Amino acid sequence: MIENKNSIEDAKQGKANSIVAAKQAIESSIVAAKQGKANSIVAAKQAIESSIAATKQAFENSFSSGDFYNKQTQDEQHLKLILEFLPIKSEMKILDLGTGSGYLAFSIAEKYPNAFIFGLDIVEKALEINRVKAEKQRISNINFITYDGVNFPFEDSEFDMVVSRYALHHFPDIEKSISEVSRVLKSGGFLFISDPAPNADDTSQFVDEYMQLKNDGHIKFYTKDEWKQISLEAGLKFVKSFDSSIRFPKKKDTAYGFDELLKKHDRKIIESYKLKVLENEIYITEQVNNILLCKR
């Protein structure tokens, strides 16, 4: 009887020890998972900050190049199409996200003198130039503001419209940025996106790798369906769109690894972008999504 009693006590103690060990293992796993998640969050934040810093530095340099930057981004025909497409009304408050040189912001401000335009960008040097230009030309309905590249420095439901031209492919956390757009838009407000898209047969992401040859923070060109999905998740519904294209120049001496890139991708994909090298400049033709969305 004593032996049986001891056996029972030993079994109970063994079971208790197993429970304690299992509990400790679970707690250790939870701690490790939390630490792993924390490390992942820190790493993601650092990657975003690094990308924003690279973009900012590259564009500080680009704006210093003056005419070549304008050659890359300015297109009067495209601008005219956008201004005709946008449903702008008098006294609207409009945010130009990634305003850069203010190419779109100034055009809207001049065409709609009773609207109020705010240009937002991470590149302070460009904004300083824009402020001087606005003062010289006596354009009083425009203002330029810098930010950290992540959080918009505005209140909820502050704008009637947000526009962005040739900028969003540089944004490292696009879901967060579109969420911020939705936050600062009024109910019934509009988001207009104008940004290049990959060709339909570009299954190897050639165009993204090509754009990344220059370290200026390019992340990704999105398809129209991708924009619809990202925007829908932020409460923005597709309204209408039009397609256009841009013949984009790049200086060959900034396209590090260009020859190796051509060897890596299928020739038909490369040819679909009508790539051509002229002396020290490389030209490709990119299709452009021009999309209007509305906050539900």
Side-chain angles (χ1 to χ4, degrees), residues 38-65 69 72-73 93-106 108 117-131 134 142-159 161-185 189 191-197 208 211-222 226-227 229-231 233-236 254 289 291 293 295:
N39 291 340
S40 296
I41 292 171
V42 170
K45 184 178 179 182
Q46 289 174 339
I48 289 170
E49 290 173 350
S50 177
S51 178
I52 291 170
T55 303
K56 183 175 182 179
Q57 184 59 55
F59 276 90
E60 294 281 4
N61 298 335
S62 292
F63 289 126
S64 298
S65 69
Y69 174 78
Q72 287 180 308
T73 60
K93 191 172 183 181
I94 301 170
L95 175 65
D96 182 17
L97 177 58
T99 190
S101 64
Y103 184 61
L104 181 55
F106 278 113
I108 294 174
I117 320 302
F118 291 78
L120 186 66
D121 208 290
I122 61 173
V123 187
E124 178 61 32
K125 183 182 288 187
L127 301 184
E128 289 173 1
I129 295 170
N130 292 347
R131 293 181 191 117
I142 196 166
N143 193 13
F144 294 97
I145 301 169
T146 189
Y147 80 124
D148 63 5
V150 179
N151 302 297
F152 293 8
F154 305 108
E155 299 295 327
D156 295 356
S157 305
E158 190 167 339
F159 292 93
M161 183 180 294
V162 177
V163 299
S164 186
R165 178 180 180 269
Y166 296 174
L168 292 180
H169 56 274
H170 290 288
F171 286 43
D173 190 348
I174 194 63
E175 287 81 7
K176 168 65 175 175
S177 295
I178 298 301
S179 175
E180 280 289 273
V181 167
S182 183
R183 180 183 68 79
V184 303
L185 271 177
L191 167 63
F192 172 71
I193 297 171
S194 180
D195 214 46
D208 286 324
M211 296 299 292
Q212 288 164 358
L213 292 177
K214 181 182 178 183
N215 185 27
D216 65 355
H218 173 87
I219 303 297
K220 173 180 166 62
F221 286 150
Y222 297 88
E226 286 175 323
W227 279 126
Q229 184 59 39
I230 292 168
S231 300
E233 289 172 1
L236 302 167
T254 66
N289 284 317
I291 306 171
L293 304 116
K295 183 175 178 178

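Just the heavy atoms: all of them, side chains too, but no hydrogens, waters or symmetry mates, feed the values below. Please read all numbers here as calculations on a predicted model, not as lab measurements. The chain is numbered in sequence order, starting from 1.
Residues E180 and V150 share a closest heavy-atom pair of CG-O, 3.7 Å. Of all the heavy atoms in N130 and G102, the pair that sits closest is ND2-N, 3.7 Å. Across every non-hydrogen atom of K295 and S182, the tightest pair is NZ-O, 2.7 Å. In terms of heavy atoms, D121 sits closest to G98 at OD2-C, 3.2 Å. Minimum heavy-atom separation, S231 to I178: CA-CG2, 4.1 Å. Of all non-hydrogen atoms in F118 and K93, the two that sit nearest each other are CE1-CE, 3.4 Å.
A donor-acceptor pair is defined here as one N or O able to donate and one able to accept, closer than 3.5 Å; such a pair exists between the side chain of D195 and the backbone of A167. Checking side-chain atoms of D148 against main-chain N and O of N151 turns up a donor-acceptor pair under 3.5 Å. Using a distance-only test at 3.5 Å, with no hydrogens or angles considered, a donor-acceptor pair links the side chain of E158 to the main chain of E155. Under a 3.5 Å cut-off, the side chain of T55 and the backbone N or O of S51 do form a donor-acceptor pair.
Looking at heavy atoms from C-beta onward, I94 lies in side-chain contact with I108 at the 4.5 angstrom threshold. Proximity of L293 to I291: side-chain heavy atoms (C-beta onward) are separated by under 4.5 Å at one or more points. At a threshold of 4.5 Å between non-hydrogen side-chain atoms, the residues D173 and E175 count as touching. Between Q229 and E226, the closest side-chain pair of non-hydrogen atoms is not below 4.5 Å. A heavy-atom distance below 4.5 Å is not found between the side chains of I117 and L95. In this structure the side chain of S164 never reaches within 4.5 angstrom of the side chain of I193, judged on heavy atoms. Residues F171 and I219 have side chains not in contact (no heavy-atom distance under 4.5 Å, counting atoms from C-beta outward). Side-chain atoms of L168 and I174, non-hydrogen and from C-beta on, do get closer than 4.5 Å to each other.
Aromatic ring orientation, W227 versus Y222: tilted (interplanar angle from 30° to 60°). Ring planes of F106 and F144: tilted class, angle from 30 to 60°. Using bins of under 30°, 30° to 60° and over 60° for the plane-to-plane angle, the ring pair F221/H169 lands in the perpendicular bin.
Note that CZ of F152 is 12.0 Å distant from CD1 of I145, once rounded to the nearest 0.5 Å. The distance from atom CD of Q212 to atom NE2 of H218, rounded to the nearest 0.5 Å, is 5.0 Å.
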Q) What do the steps show when you test L127 against I129 for side-chain contact (heavy atoms from CB on, under 4.5 Å), and what is the final call? A) CA-CA 5 Å; L127 301 184; I129 295 170; over 6 Å; no
Q: Would you check, one step at a time, whether the test side-chain contact (heavy atoms from CB on, under 4.5 Å) holds for D216 with T254?
A: CA-CA 10 Å; D216 65 355; T254 66; over 6 Å; no
**Q.** V184/D156 under side-chain contact (heavy atoms from CB on, under 4.5 Å): CA gap, chis, key distance, verdict
**A.** CA-CA 4 Å; V184 303; D156 295 356; 5.9 Å; no
Q. Hey, mind stepping through D96 and Y103 against side-chain contact (heavy atoms from CB on, under 4.5 Å) and telling me if it holds?
A. CA-CA 10 Å; D96 182 17; Y103 184 61; over 6 Å; no
Q: Check step by step if salt bridge (Lys or Arg N to Asp or Glu O under 4.0 Å) holds for E124 and R131.
A: CA-CA 10 Å; E124 178 61 32; R131 293 181 191 117; 2.8 Å; yes
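Geometrically, K56 does not engage F59 in a cation-pi contact, judged by NZ or CZ lying under 6.0 Å from the ring centre and within 45° of the ring axis.
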